[in-house]
Every structure is written in C-alpha cells, then in structure tokens.
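Take a look at the structure set out below.
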Amino acid sequence: IEAQLRRDIDAAADAGAIEAVRVAALGKAGRITALLKTLGGMTPDERQAKGPAIHALRESVTAAIAERKAAIEAAELEARLATEKLDMTLPADAAPRGSVHPVAQVMDELAEIFADMGFAVATGPEIEDDWHNFTALNIPETHPARAMHDTFYFPNSNAESHAMLLRTHTSPVQIRTMMTQEPPIRIIAPGRVYRSDSDATHTPMFHQVEGLVIDRGIHMGHLKWTLETFLKAYFERDDIVLRLRPSYFPFTEPSAEVDVGYKQEKGRRIVGGNGDDEGHAWMELLGSGMVNRRVIASCGLDPDAWQGFAFGVGVDRLAMLKYGMDDLRAFFDGDLRWLAHYGFGA
Ligand code: PHE
C-alpha cells in the first residue's frame with residue numbers, strides 16, 4: 001500500500017489531485033482508515049504485532065500528503081506571481097471627485113471674514129414658529145409684511161399663536177440668540193430660508209446670512225464700518241463704497257438698504273452692476289438697521305441699556321456676484337457641468 005500511495009502522492013499535480021489522494025487514503029472510506037478498523041477485530045497479540053506498523057503507515061502517509069500539498073501551493077503562488085503583474089507606473093483612472101458647492105464656499109468665506117471681526121456663528125431651526133419668525137420681530141399678526149414674505153405654513157399647526165412655518169429669513173436667529181445669550185453679542189447666522197416664490201432670480205429655498213451685534217453704545221457708524229470691512233474682504237478690493245438708503249423693516253429702526261458700489265475700470269467688473277454718472281457701478285445688496293427697541297424688549301433685554309445693529313444678506317446673490325453666475329436656479333440643479341464651468345468640481 002505504502003509504495004502505491006507514495007506514487008499517487010508524487011503524481012498529484014494540483015490541489016484537487018492531492019485532496020483526492022488524501023480522501024482515498026485517510027478519508028472515511030480510505031484504505032488506511034480501513035486498515036485501522038481491522039485493529040478492532042484482532043486478538044491482543046495480533047494487535048501488538050501489527051498495530052505499530054499500521055499507525056506508522058498512517059503517520060508517514062499523512063506527512064507525505066502535507067508535504068506535497070505545501071509544495072503544490074508554493075508552486076501555484078510562484079506561477080501567479082510570475083503571470084500577474086501590476087504596473088505601478090500606469091496612470092490611474094480619473095475618478096470623479098466631490099467639491100465644495102459655491103453656496104457652502106461663500107458661507108465658509110463669510111464665517112472666516114466675520115471671525116476676524118470677533119463674530120461667532122449661530123444657528124436656528126429651519127422649521128420655525130410664528131412667534132420667532134414674525135411676532136418677536138415686531139411683525140404682528142395683522143402686519144402686511146407677513147403677506148409679503150410668501151410664507152410656507154404647516155397645514156396642521158395651530159394657526160392662533162404657535163403656527164409652524166418654514167422660516168422666511170434668518171432673523172429669528174436674532175431672537176433665539178438674544179434670548180439665550182448675555183450681551184455683548186456678536187454673531188452671524190448663515191442658513192437656508194424659504195419663500196413661496198420662483199423665477200430666474202427667486203427660488204423657494206435660498207440662503208441668507210444674518211448679522212447681529214448687541215452691546216452698549218452701538219450706533220450706525222459701527223454698522224457701516226462692519227459692512228464696509230466685510231464687503232472689501234469678500235470682494236477682495238479696496239475701492240468698495242457703500243450707499244445707505246432709508247428703508248423699512250419692522251425689526252430695525254432706523255433701517256437702511258445697502259447698495260455696494262465700486263469704480264468701474266476696464267477688465268474688472270462685478271457682474272450685475274448698474275453704472276452712475278461718477279463712474280460707479282451700484283448693486284442693491286442687503287437690508288440692515290439698528291435693532292428695534294421693541295425687539296430688544298421682546299427678548300427680555302433692557303433697550304435703554306443695550307443697543308445693536310442687524311443685517312441680512314442673500315448668500316446666493318453674493319456667490320453670483322463674486323463668481324459671475326447669472327441664473328439663481330442653477331445653484332440647485334446639481335448639474336456637475338455647471339459647477340465645473342465656474343471652477344467648482346473636477
Ligand atoms: N430679514 C430681512 C429680509 O429677509 C433682512 C434684514 C435682516 C433686514 C436684518 C434688516 C436687518 O429681507
């Protein structure tokens with residue numbers, strides 16, 4: 001048996017063949033297994049005479065099979081290493097890479113610019129209640145400004161005092177901040193806002209950044225300096241000038257609409273500007289004003305002790321002006337070619 005098994009073992013050329021030899025010798029119905037079974041029927045003397053030889057046979061065949069198996073595996077590995085080659089010098093396939101969306105990019109820029117002026121970033125919920133979005137901001141139930149905001153209301157909410165809605169501006173974050181933080185306060189609040197409105201320059205969801213400063217002795221000079229510093233940093237030019245036009249917001253008094261202007265020169269144009277006689281291009285940019293005493297009081301602060309200013313600016317508009325985009329809707333189409341065209345994306 002041994003000589004025959006050794007020939008079979010030596011002849012086995014691959015992992016399947018050597019396994020077949022093992023089963024034929026040592027498996028349940030194997031030849032050596034059968035020999036081992038005969039030991040049970042022998043007399044003690046017989047068993048003592050033949051047992052050691054049978055056990056030795058099993059040991060040596062087991063070892064021979066293991067050795068052959070290791071040799072086969074080593075040879076197979078050699079063969080694979082010889083044929084499978086990976087050329088590390090070949091260029092990799094171009095995999096699409098993600099990038100920062102222009103709106104997120106602008107929000108990051110704003111957070112950085114305002115951080116340099118000592119502003120922290122605050123946030124509030126996009127699902128707001130009527131009180132934070134309107135009432136506390138001096139926009140009572142009957143106020144026409146409520147209609148002007150084209151508000152998305154939740155149909156099942158209690159319309160009386162706690163109607164739930166999608167916030168129409170980031171101004172409710174002013175309220176939430178004043179109610180939870182002790183002045184002095186210096187925050188910006190970037191985020192999504194919603195109005196039922198849709199055309200080339202309006203989308204039902206858009207982005208604003210709110211600014212709020214509450215401290216002692218704050219006046220419009222602080223507001224103007226802050227906006228000027230911010231806009232010069234954002235547009236990366238020193239010739240930015242501001243024009244404050246009297247305006248009206250229920251939550252600021254006085255209120256000012258801010259236009260940004262810059263000397264027009266050949267080759268450097270901010271898209272969307274309108275020229276004037278002095279060679280300035282002007283753009284309407286943001287709403288602002290001194291925080292209304294009633295708003296300060298509705299947050300539980302003493303308006304004789306604390307004053308402040310606030311402003312609100314459209315982030316999408318800021319992005320369009322800086323990067324030369326002309327259709328607001330494209331911001332939210334998720335079209336990679338559009339993003340790549342403006343330098344965002346692979
Ligand atoms: N919340 C106003 C808007 O959405 C903007 C604004 C903010 C105006 C803060 C004044 C002060 O139009």
Side-chain angles (χ1 to χ4, degrees), residues 99-111 113-114 121-130 132-134 137 139 145-154 164-177 187-212 227 230-231 234-235 247-252 255 257-260 270-273 283-289 310-336 338-339 341-342 344-345:
S99 64
V100 177
H101 190 276
V103 170
Q105 159 91 27
V106 168
M107 285 188 178
D108 288 349
E109 285 175 35
L110 298 182
I113 290 169
F114 278 100
V121 171
T123 56
E126 289 170 32
I127 297 174
E128 258 301 2
D129 57 64
D130 196 88
H132 287 91
N133 197 81
F134 292 127
L137 287 160
I139 313 174
R146 288 204 184 199
M148 279 161 50
H149 274 207
D150 302 310
T151 311
F152 287 113
Y153 283 96
F154 284 83
M164 299 303 285
L165 46 85
L166 292 175
R167 68 180 178 189
T168 59
H169 50 178
T170 42
S171 299
V173 184
Q174 287 188 38
I175 303 302
R176 291 184 177 275
T177 306
I187 56 114
I188 58 164
R192 281 189 274 264
V193 300
Y194 302 83
R195 293 181 198 177
S196 175
D197 205 351
S198 191
D199 59 38
T201 54
H202 298 88
T203 49
M205 185 278 296
F206 59 106
H207 300 82
Q208 288 188 333
V209 165
E210 194 80 7
L212 174 70
L227 292 178
F230 144 51
L231 292 166
Y234 178 73
F235 286 114
S247 185
Y248 174 76
F249 298 102
F251 34 93
T252 47
S255 303
E257 201 93 43
V258 179
D259 299 337
V260 58
I270 297 178
V271 181
M283 296 170 299
E284 225 180 279
L285 203 59
L286 51 84
S288 66
F311 58 88
V313 54
V315 177
D316 315 281
R317 183 156 168 69
L318 280 177
M320 291 169 80
L321 292 170
K322 184 155 173 176
Y323 298 108
M325 296 138 172
D326 54 12
D327 188 346
L328 178 65
R329 288 169 296 194
F331 274 88
F332 311 118
D333 285 345
D335 184 338
L336 294 178
W338 181 84
L339 287 166
H341 175 75
Y342 289 102
F344 293 85

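From a predicted model like this one, the values you see are computed outputs, not experimental measurements.
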Next on the checklist: With rounding to the nearest 0.5 angstrom, report the OG to CG distance, Ser99 to Leu336.
Outcome noted: 8.0 Å

Checklist entry - Shortest non-hydrogen contact from Ile139 to Asn133? => result CD1-O, 4.4 Å

Checklist entry - Passes ring pair (Phe, Tyr, Trp, His ring centres under 6.0 Å), Phe251 versus His169? Steps please. => result CA-CA 12 Å; Phe251 34 93; His169 50 178; 5.6 Å; yes

Item to check | Pair Phe344-Tyr342, ring pair (Phe, Tyr, Trp, His ring centres under 6.0 Å): steps then yes or no | outcome: CA-CA 6 Å; Phe344 293 85; Tyr342 289 102; 8.1 Å; no

Checklist outcome for this item: d(Leu165 CG, Tyr194 OH) to nearest 0.5 Å is 12.0 Å

Item to check | Sub-4.5 Å side-chain heavy-atom contact between His207 and Phe331 | outcome: no

Checklist outcome for this item: Between Ala111 and Ile188 the two heavy atoms that sit nearest each other are CA-CD1, 3.8 Å

Item to check | Donor-acceptor contact present, side-chain Ser255 to main-chain Phe249, <3.5 Å | outcome: yes

Checklist entry - Do the non-hydrogen side-chain atoms of Val121 and Phe114 ever get within less than 4.5 Å of each other? => result no

Item to check | Contact check, side chains of Leu318 and Tyr234, non-hydrogen atoms, under 4.5 Å | outcome: yes

Next on the checklist: For a quick test of reading the model, state the closest non-hydrogen atom pair linking Glu210 to Gly312 and the distance between them.
Outcome noted: OE1-CA, 4.1 Å

Checklist entry - With a 4.5 Å heavy-atom cut-off, do Phe154 and Leu166 have their side chains touching? => result yes

Item to check | Flag, side chain of Gln105 to backbone of Val100, donor-acceptor distance under 3.5 Å | outcome: no

Next on the checklist: Contact between Thr168 and Val193 at the side-chain level, heavy atoms closer than 4.5 Å - yes or no?
Outcome noted: no

Item to check | Side-chain heavy atoms of Asp129 within contact of Pro172, under 4.5 Å | outcome: no

Checklist entry - Taking side chain as C-beta onward, heavy atoms only, is Leu321 less than 4.5 Å from Met283? => result yes

Next on the checklist: Does this structure show an ion pair linking Arg176 with Glu128, if we count only N-O contacts that are shorter than 4.0 Å?
Outcome noted: yes

Item to check | Rounded distance (nearest 0.5 Å) linking atom CG of Asp333 with atom CH2 of Trp338 | outcome: 8.5 Å

Checklist entry - If you measure from CD on Gln174 to CG on Leu212, what distance do you get to the nearest 0.5 Å? => result 5.0 Å

Next on the checklist: Please find the pair of heavy atoms, one from Val313 and one from Leu285, that lie closest to each other, and give the distance.
Outcome noted: CG2-O, 3.8 Å

Checklist entry - Measuring from Asp326:CG to Met320:CE, what's the distance to the nearest 0.5 Å? => result 6.5 Å

Next on the checklist: Testing the basics here: between Ser171 and Leu137, what is the closest heavy-atom pair and its distance to 0.1 Å?
Outcome noted: CB-CD1, 3.6 Å

Checklist outcome for this item: In short, Val173 meets Thr177 closest at the heavy-atom pair O-OG1, 2.7 Å

Checklist entry - Where the side chain of Arg317 meets the backbone of Glu284, is there a donor-acceptor pair that is under 3.5 Å apart? => result yes

Item to check | Distance in Å, Leu328 CG paired with Asp316 CG, rounded so as to fall on 0.5 Å steps | outcome: 5.5 Å

Checklist entry - Under 3.5 Å, is there a donor-acceptor pair between the side chain of Arg167 and the main chain of Arg192? => result yes

